[in-house]
Amino acid sequence: MTKENQSYWKTKKGKDGSLRWEEYEPFDVDKAVRKLNPKQRGRDYVNNFINSDQDPPAGQLTDIERELLKTANEHINGLQRWHIQAVGDISKEVNVKWNNSEAQSLDDIVNKFKLEAGTIFENFKTDKQKLLLDHAEATRSLRTFKDKHNILDRHQAHYAESNIETFAYLLLALFIEGAVNAKFFPSDMGLLGGFMMAFMVSLANVSFCFTFGWILPNINHDISRHENRLKGFSSRIGAGIVFLFSLVFIFGLHSSVAQYRENVMNSTNISTDTPSLISTLSFDPRGLQDMESLAIIAIGLAISIFSYYKGYTFDDSYPGFGREYRSWKKFEDLVSEADRDYKNKLVGEYRIAFDKVQKFPNAIDTLEGQLKALESEISTYLACVRSYYDQACQGGLALLTEFRTTVQTVRNNRNCLPVDPNLVTCALLPLDPKQMENSAMKDLQEKLDNLQLNREEYFAQKETTYNTLQSILEDWKNKNVIQVGSGIIVEENKH
């Protein structure tokens, strides 16, 4: 533990069982005697003042004695400064324990909930203002698109909810067609070779049909308005051509595959040169001899129709409408999500405050235990301060006693300069134990008294506090941020 986070005023027991601080040593009498040498000072005094007639009056100190006691006073002065710092540190530690606890008062819990709710609303207001402006722009863009393309205002776009789900279905269809047709394709490589041939055919079938279906919505372009006619006619003609080509492609693909299988099954040697291969793939209905070839065509057509449908419904049936609608829907969802998040955060803070009220008695007991433990440590500290002060006083008395005893011995007069402990008491700086205790215990005692009041307040106001928290929650939940007119953001209470 470093000295920055250590309470320097807390005492430790020494090897001899006495209380002491590592940072501040007690008054060392032996060291003071060796340094100041009161015996020699006494002899020097007698040499200068042979007769007791020259001694100060009773109840007063000589100049040498004042100098001797100066060391003890300096130590006591340091002890006083130490105590002032310690009182500040004690007060700080008491306040830290108090502030880190949830046992201050029920009003503090309510006020903190109000503050948190207000902060949540201000953050919500800032975020939603931007969302509403973006939502308004997306709404204007969508309305403009609908007006331009003669789409009803209530009409909603229809498109695949998940692109990943769409492509997963297509991939599944691809493998199903490949796996089923693998049994029908003869190959020198066995079932694996047949599957590879069927898979390539299925890949062409699924990918091309999906693409044809994706292009087909262009045939729905509106041409009732002048600004749409050129683009509408060109899109419709292009989509119509693609549609016709797709019918030829689909029919030609599946029939040629079936014809190829028949020719391979009925011939032992198929030439791989281009003319022969084209001749093999050319469709001749008279060449189909079994139901398996018809099954290949039926399965292929089913997968084609499915892929075509997935491509056509991948986006809205009107070109461009799905994109505009999704742009608007994104901000519509973000606004709704912001409203939900705002209320969820309020409810979260309410539950925290509610939980604090429920645990309030336990928090009081915990804090009281911490403060009581701190009170014991403070009492130990005060005992240590008093012990240090007493040691300094005893040290001063020892210096005075040795000085005066030496003077009496040299003069051979036990009545001169009598040793009086009151002389030391009057000469040393005072340190009032009661005042020390009051200064150190003041904040702690106030907090303990407040805890008792809080405990009584809890049982008297618990239900009222619950109702107050609920009322605050409902008030803030009913606040909202809406848009009126063009970019005007206002607060509204839904009551």
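Fair warning: this is a prediction, and the values are worked out from it, not measured in the lab. The chain is numbered in sequence order, starting from 1.
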### Task
Count the heavy atoms of every other residue, nucleotide or ligand shown that sit under 6.0 Å from CG of N412, and state whether that count exceeds 12.
no

### Over 12 foreign heavy atoms within 6.0 Å of CZ, R66
yes

### Heavy-atom closest pair, residues K146 and L152
CD-O, 3.7 Å

### Task
Please check if any side-chain donor atom of E446 sits under 3.5 Å from a side-chain acceptor atom of N450, or the reverse.
no

### Query
Would F121 and Y342 count as a close aromatic pair, with their ring centres under 6.0 Å?
yes

### Task
Please step through salt bridge (Lys or Arg N to Asp or Glu O under 4.0 Å) for the pair R323 and D316, ending with a clear verdict.
CA-CA 8 Å; R323 181 179 62 254; D316 191 77; over 6 Å; no

### Query
Would the H155 and Y318 ring centres measure less than 6.0 Å apart?
no

### Query
Are E67 and K70 close enough, and set up right, to give a salt bridge (Lys or Arg N to Asp or Glu O under 4.0 Å), and what steps lead you there?
CA-CA 5 Å; E67 185 178 351; K70 182 178 179 181; over 6 Å; no

### Task
Would you please name every residue forming a ring-ring contact (aromatic ring centres under 6.0 Å, His included) with Y458, sequence neighbours left out?
F360

### Query
When the ring planes of F306 and Y169 are compared, do they come out parallel, tilted or perpendicular, using 30° and 60° as the limits?
perpendicular

### Message
Going by ring-ring contact (aromatic ring centres under 6.0 Å, His included), name the residues that satisfy it together with F167, two or more places apart in sequence or in a different chain.
### Response
F210, F314

### Query
For Q435, does the CD atom have more than 12 heavy-atom neighbours from other residues, nucleotides or ligands under 6.0 Å away?
no

### Message
Checking I352 now: which residues fulfil side-chain contact (heavy atoms from CB on, under 4.5 Å) with it, not counting sequence neighbours?
### Response
E349, K356

### Query
Run the salt bridge (Lys or Arg N to Asp or Glu O under 4.0 Å) check on K359 and D355 step by step: do they pass?
CA-CA 6 Å; K359 296 179 179 179; D355 190 55; 3.2 Å; yes

### Query
Which residues pass the side-chain contact (heavy atoms from CB on, under 4.5 Å) test with N362, sequence neighbours left out?
none

### Task
Go through the structure and list residues passing side-chain contact (heavy atoms from CB on, under 4.5 Å) with V407, not counting sequence neighbours.
Y45, V46, F403, R411, C416, L417

### Message
Measuring only between side-chain heavy atoms, which start at C-beta, is V29 closer than 4.5 Å to Q394?
### Response
no

### Task
Any chance you could lay out the salt bridge (Lys or Arg N to Asp or Glu O under 4.0 Å) test for E116 and K345, step after step, and finish with the verdict?
CA-CA 10 Å; E116 292 295 333; K345 288 179 181 178; over 6 Å; no

Which donor-acceptor pairs under 3.5 Å do the side chains of residues 30-41 make with protein atoms, sequence neighbours left out?
{"unit_1": "N37", "atom_1": "OD1", "unit_2": "Q40", "atom_2": "N", "d": "3.4"}
{"unit_1": "Q40", "atom_1": "OE1", "unit_2": "R43", "atom_2": "NH1", "d": "3.4"}
{"unit_1": "Q40", "atom_1": "NE2", "unit_2": "D44", "atom_2": "OD1", "d": "3.0"}

### Query
What about Y389 and F27, are their ring centers closer than 6.0 Å?
no

### Task
Please round to the nearest 0.5 Å and tell me the distance separating atom NZ of K114 and atom CG of N111.
5.5 Å

### Query
Does CG in L453 sit with more than 12 non-hydrogen atoms of other residues, nucleotides or ligands closer than 6.0 Å?
yes

